[in-house]
Protein chains: 2
Amino acid sequence: MDASIFTIQPNAAEPIYRQLLGQLGRMIAGGQLAPGERLPSVREVAGHHAINPMTVSRAYGLAESEGLLERRRGVGMVVATQAAPAAGDQARMALLEPAARELVRQARELELPIESVLKRITSLWEG
Amino acid sequence: MDASIFTIQPNAAEPIYRQLLGQLGRMIAGGQLAPGERLPSVREVAGHHAINPMTVSRAYGLAESEGLLERRRGVGMVVATQAAPAAGDQARMALLEPAARELVRQARELELPIESVLKRITSLWEG
DNA sequence: CCAAGTGTATTGTTGTATTGATACACATGG
DNA sequence: CCATGTGTATCAATACAACAATACACTTGG
């Protein structure tokens with residue numbers, strides 16, 4: 001798998017290692033990363049995004065302790081075999097819950113009509 | 001205006017002063033806070049939420065430099081008179097854009113069907 | 001076997017951000 | 001005038017992310 005699977009924003013408020021961890025979790029749950037699949041090496045990702053290898057290692061390490069990845073000594077990281085790949089819409093939706101709640105909260109504070117919000121979401125989805 | 005207009009989550013990743021600033025901006029844009037309306041005092045908000053007064057002051061100060069609030073010496077902060085209260089849906093929607101983009105990005109990573117996402121949003125809106 | 005590739009433990013440094021404690025300047029109302 | 005209420009400037013403490021530079025244990029492929 002190429003190192004470009006990850007999208008990192010260096011200037012975002014969310015720390016880099018956490019951006020990586022979040023993407024890993026969602027891409028595994030969504031099936032874009034299948035069990036047994038090998039991940040780009042720490043140095044590969046670090047080089048491609050011009051960040052520190054240890055920052056990537058930190059994300060991988062946390063993913064491992066969450067049961068998402070398995071460490072193959074001398075080889076690299078691999079998507080855990082028992083990592084639920086195609087958890088039902090239900091389970092995957094749970095991972096979207098925080099972002100969904102936040103969106104709704106902000107929309108309420110803005111007193112926006114729900115129709116406009118849904119429309120915008122749809123537009124962003126297609127675009 | 002009561003100090004309970006703000007909702008702060010002390011354990012969230014987003015810093016408190018930024019939570020306050022965001023809510024201020026949206027509630028003013030949405031019209032829940034009308035121009036000329038007085039805000040709860042720094043100490044009031046701080047006491048109510050058990051946080052440091054300077055944290056609230058920081059949010060107020062930033063809001064002032066953004067033109068959202070006006071400082072009345074010895075009196076308190078007031079919603080700026082020239083603060084666009086009922087900017088069109090268009091303008092208010094712009095404030096929702098970051099949250100909307102993030103939601104869509106995560107939904108894509110999760111490979112969720114757009115219908116499920118819209119459904120959940122609607123459900124959260126009504127609930 | 002050994003060169004080259006894995007991840008990682010270690011130590012230290014740097015920069016930044018958040019929060020807190022205190023003291024101050026100002027305005028209002030009695 | 002002065003007690004009481006504003007906001008805030010200032011300084012300090014703390015936490016954390018990220019980087020840097022090694023060194024190490026391990027596996028694979030030649």
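No experiment lies behind these values; they were computed from the predicted model shown. Side-chain atoms are counted along with the backbone in the values below, which use heavy atoms only and exclude waters and symmetry mates. A note on names: the letters A, B, ... follow the listed sequences, proteins ahead of strands, and every chain is numbered from 1.
- Atom-to-atom, CZ of A:R38 to P of C:dG5 comes out at 12 Å; the value is rounded to the nearest Å.
- More than 12 heavy-atom neighbours from other residues, nucleotides or ligands sit within 6.0 angstrom of CZ on A:R38.
- Toward the 5′ end of DNA chain D lies the nearest nucleotide of B:M77, the other residue of the pair B:M77 and A:Q19 mapping further downstream.
- Contact annotation for B:R72: no contact, since no heavy-atom pair falls under 4.0 Å across all strands.
- Distances from the side chain of A:Y60 to the nucleotides C:dT8, D:dC26, C:dA27 place C:dT8 closest.
- Within the structure, a side-chain polar atom (N or O) of A:Y17 is placed less than 4.0 Å from OP1 or OP2 of D:dA17.
- Regarding B:N52, its CG atom lies at a distance of 17 Å from the P atom of D:dT10, rounded to whole Å.
- Closest to the side chain of B:S41, out of D:dA18, D:dT6, D:dA23, is D:dT6.
- A sub-4.0 Å separation between OP1 or OP2 of D:dT8 and a side-chain N or O of B:S57 is present.
- In this structure, the side chains of A:L103 and B:L96 come closer than 4.5 Å at one or more pairs of heavy atoms.
- Residue-to-nucleotide proximity on DNA chain C shows that, of B:R58 and A:G74, the 5′-proximal contact is made by A:G74.
- Applying the 3.5 Å distance criterion, the base of C:dG5 shares no donor-acceptor pair with the side chain of A:R43.
- Remark: of the listed residues A:L39, A:I5, A:L62, A:L39 is the sole one forming a side-chain contact (heavy atoms from CB on, under 4.5 Å) with A:L24.
- The nucleotide whose nearest atom lies closest to any side-chain atom of B:T55 is, among C:dT19, C:dT6, D:dT6, C:dT19.
- An OP1 or OP2 oxygen of C:dT8 is reached within less than 4.0 angstrom by a side-chain nitrogen or oxygen of A:R71.
- Between B:E115 and B:K119, none of the side-chain N atoms (NZ, or NE/NH1/NH2) sits under 4.0 Å from a carboxylate O, so this pair counts as no salt bridge.
- In this structure, CG of B:L62 is placed 10 Å from P of D:dT8, rounded to the nearest angstrom.
- Closest approach to the B:M54 side chain among C:dA27, D:dT6, C:dT22 is made by C:dT22 (side chain taken as heavy atoms from C-beta onward).
- You'll find the side chain of A:E64 stays beyond 4.5 Å of the side chain of A:E66, heavy atoms only.
- For B:V75, taking side-chain heavy atoms from C-beta onward, the closest of the listed nucleotides D:dA17, C:dT6, C:dA27 is C:dA27.
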